[in-house]
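For clarity, every value in this text was computed on a predicted model and none was experimentally measured. Just so we're on the same page: letters track the sequence lines, and every chain starts at 1.
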There are 2 protein chains.
Amino acid sequence: MAGASDHEDFFEGTEKLLEVWFSSSSDNEQHDLRNIDRKDWEDLLHIVRCEILSKMSNPDMDAYVLSESSMFVTKERFILKTCGKTTLLLAIEPLLRLAKNKCGLDIVFDIFYSRKKFARPEQQHIIHRTFEDEVSHLDKVFKNGAAYTLGRINRDCWHLYTLDEEGVTLPDQTVELLMWDMCREKMAIFTQDVSKTAAQATKESGISDIVPGVQIDDFLFEPCGYSMNGLLPGGYYITIHVTPEPHCSYVSFETNVPQESYHTLINKVLATFRPGKFLMTVFANKASLAKDNHKEMAKKDVKGYVRNDHQLCFFKNYNLTYSFFTRPVI
Amino acid sequence: MAGASDHEDFFEGTEKLLEVWFSSSSDNEQHDLRNIDRKDWEDLLHIVRCEILSKMSNPDMDAYVLSESSMFVTKERFILKTCGKTTLLLAIEPLLRLAKNKCGLDIVFDIFYSRKKFARPEQQHIIHRTFEDEVSHLDKVFKNGAAYTLGRINRDCWHLYTLDEEGVTLPDQTVELLMWDMCREKMAIFTQDVSKTAAQATKESGISDIVPGVQIDDFLFEPCGYSMNGLLPGGYYITIHVTPEPHCSYVSFETNVPQESYHTLINKVLATFRPGKFLMTVFANKASLAKDNHKEMAKKDVKGYVRNDHQLCFFKNYNLTYSFFTRPVI
């Protein structure tokens, strides 16, 4: 990815992740975020300090590979994930204006802003330096936001801001694995020294086998770093971002593919990247196929790892499971 | 309580709660925290900025009513709960020295430091002003401390610092209800205008019926405020502290009495004090009678209240349930 090209420098692979669910106070069926012009998206992303590198679509979703991570757009749902020193939260108010003025989507019925604790918070823009700063900004925009920190605030932890209001319960679920202290051998695949093309990295690494049948848009950065978006019919996506440099190695995996159990998927992801440490979050609402996944996760071990933290949050619409694992040093 | 005597002033009823479990590297059976001299406890509490008002004992435990809350001492376990502007964390290192030098208790095998978010953090001593400050102090003393915040960091939340290491699993459990926006009528009982003696306040309020059969040491402050300790055989205690002033009303209830279900107990406490808001924490380890209580709590409503937050933490030895409730305004 952009900043990762300088081997001397630390690169913050840790992403800021924003998901916004819109609706409209009018019944016009024409509301669709995908009608927003490319130029408008580019202007929005300029505020965030990143650029569109590639776009792929299916009937349900537009997926963009960005210079710093990814963006997904459906009719009424917006997902933006950006790493490095990007200023994602500066885009919130412009995004709400864009959705309202261009699509008549004037209601935000839920948002999820989340991120892992930064490795180097002091390198971030002032709006993102602490979670408290981020919450102050979000509280100015949203009246009833709820801010949580899961995990150990003095070690590894993960922050979340959401509205937690009663809402519609169309099936929804999101799984994220944020991984670091990565296996060097696996990470080498995501350098141009080893892989000639993004497609080669996707295949050699095993990424193409994680969720079979996805339509893939992948990108191998110069001299190293990797991003991919994958689409499946029905508005389902996967997205993977790799910062391979040994001194700041980091990989993120995210999907909203519904599964009753994520056990097999999680083990595939771990086998593909072999992190030394990872944290996992699973959101599932009451209508989701994954609604009881947290019960299985409470019982089942992840082979080769020790679970250091395990927390459950019961929100009005969603269950959230947070777990943090480390591989014991042998 | 001390600071509560000035009706013009805000009083921070919110307690800082410290629990330390000691053991010894030698087999000498003489180790006993209860052998520590009264003078030594007074010196320790002087650092914290509070005083002993009263002491009660049974064969398992010494219970002290303090000018700001309570202290409990068993053979190898120490509990200190202090409110107002007390400086509890300044006592940690002196306490460890006292336990080691006077009793040979040279190992701390677990600690729990917890508190609700202060209503007025700016009035606290610098060591207690933010949870981050408190964690920095504790991290200097303990190598592997784990710091958590449960609940909404931008609304009401509760902080915990613990060691979370594998340890002995003698049955153990602790229930705490921290209540505020209290019923004025109930609070009036804890003023000398209404109650002539502490015993009268204990009886009239219904406190004496919450856990029947306890040996009670109660104290009614001038002109208002109330503290009580209760002891039961086997090292079990209850403790209640009341700040009745309408502009800063606050009540805490805590017990380690083992019960398979705390449903009835919780309802008794709520009926006694009628808070507008309360948070509840339940710790139970694997050997505890209460080990499955969190499953019941996930399902059962608390009558008359809405649950705004519900979180579970699975530690190595303990399960912890955190819930926050409000009474809807009718």
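- Residues from residues 147-154 of chain B that place a non-hydrogen atom less than 4.5 Å from a non-hydrogen atom of chain A comprise B/Ala147, B/Tyr148, B/Thr149, B/Leu150, B/Gly151, B/Arg152, B/Ile153, B/Asn154, given in numerical order.
- Atom CG in A/Asp164 sits 8.5 Å away from atom CG in B/Asn308 (nearest 0.5 Å).
- Heavy atoms of other residues, nucleotides or ligands lying less than 6.0 angstrom from NZ of B/Lys291 number 12 at most.
- Environment of CD in B/Glu260: sparse, with no more than 12 heavy atoms of neighbouring residues, nucleotides or ligands closer than 6.0 Å.
- The two residues A/Arg155 and B/Asp139 have their closest heavy-atom pair at NH2-OD1, 4.3 Å.
- Of all heavy-atom pairs between B/Cys313 and A/Gln311, the closest is SG-NE2, 3.3 Å.
- The CE atom of B/Met297 sits 11.0 Å away from the CZ atom of A/Phe314 when rounded to the nearest 0.5 Å.
- Within 6.0 Å of NZ on A/Lys295 lie no more than 12 heavy atoms contributed by other residues, nucleotides or ligands.
- Looking at B/Tyr161, only its side chain comes within 4.5 Å of chain A, counting heavy atoms on both sides.
- Highest contact tally toward chain A, considering only B/Asp309, B/Leu160, B/Val135, is held by B/Asp309 [criterion: heavy-atom pairs under 4.5 Å].
- Atom NZ of B/Lys316 and atom CZ of A/Arg307 lie 10.5 Å apart (nearest 0.5 Å).
- With chain B as partner, the option from A/Cys157, A/Ser323, A/Ala146, A/Ser136 having the largest number of non-hydrogen pairs under 4.5 angstrom is A/Ala146.
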